[in-house]
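Worksheet: one structure, shown below.
Positions are given from 1 along the sequence. Worth knowing before you read on, the calculation uses all heavy atoms, side chains too, and leaves out hydrogens, waters and symmetry mates.
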Amino acid sequence: QLQASGGGLVQTGGSLRLSCVSFGNIANINAVVWYRQVPGNRRGLLGTITAAGIIRLEEGVKDRFTISRDNAKNTVYLQLNNLKPEDTAVYYCNSLVGALRNTWGQGTQVTVSS
């Protein structure tokens, strides 16, 4: 089970670091994914980090967002930089398997004010 946290209200141009905590050994999860969802829209993939540390970010955010992991803390991070109002959404983390099964935990709200 993975749980996202760290969202909040930030001004345009600001930064946030979201955390995704595993209640088990995160090193055993082959891949952790980050998604976001705006009300009325489908969840959209932001990026992936594998157990080996290979990172892939979607084209629209790769210049502003980064993903990292700290296995000792059973945590994966999503660093959000230079935030824009259109980044306002609920952000979710999940295992790749959980995402494919469409089983989701509670996300964390990010609101960017203009």
Is the backbone of [Y] close enough, under 3.5 Å, to the side chain of [X] for a donor and an acceptor to pair up by distance?
X: Arg69; Y: Thr50; value: yes
X: Gln106; Y: Ala4; value: no
X: Ser22; Y: Leu2; value: no
X: Asn94; Y: Thr103; value: yes
X: Thr12; Y: Ser113; value: yes
X: Asn74; Y: Ile26; value: yes

Distance (rounded to the nearest 0.5 Å) between [X] [atom1] and [Y] [atom2]:
X: Gln3; Y: Phe23; atom1: CD; atom2: CZ; answer: 5.5 Å
X: Cys20; Y: Ile29; atom1: SG; atom2: CD1; answer: 7.5 Å
X: Asn102; Y: Arg43; atom1: CG; atom2: CZ; answer: 6.5 Å
X: Ile55; Y: Ser68; atom1: CD1; atom2: OG; answer: 7.0 Å
X: Gln109; Y: Thr88; atom1: CD; atom2: OG1; answer: 7.0 Å
X: Leu18; Y: Phe65; atom1: CG; atom2: CZ; answer: 8.5 Å

Which pairs, with at least one residue in residues 18-37 and sequence neighbours excluded, count as a salt bridge (charged side-chain N to carboxylate O under 4.0 Å, His left out)?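 Sorted pair list: Arg36-Asp87.
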
When hydrophobic residues are tied together by side-chain contacts of less than 4.5 Å, even through go-betweens, does Tyr35 share a cluster with Leu57? no

Consider only side-chain heavy atoms of I, L, V, M, F, W and Y, link residues closer than 4.5 Å, and tell whether Val33 and Leu100 are in one cluster. yes

Identify the heavy atoms of [X] and [Y] that sit nearest to each other, and give their distance.
X: Leu16; Y: Gly6; value: CD2-O, 4.0 Å
X: Asn82; Y: Arg64; value: O-NH1, 3.0 Å
X: Gly47; Y: Ile67; value: C-CD1, 3.6 Å

Quick check: do Leu78 and Cys93 have side-chain heavy atoms less than 4.5 Å from each other? no

More than 12 heavy atoms of other residues, nucleotides or ligands under 6.0 Å from CD of Gln1: is that the case? no

With Trp34, which of Thr48, Leu45, Val76 fulfils side chain to side chain contact (heavy atoms under 4.5 Å, CB included)? Val76

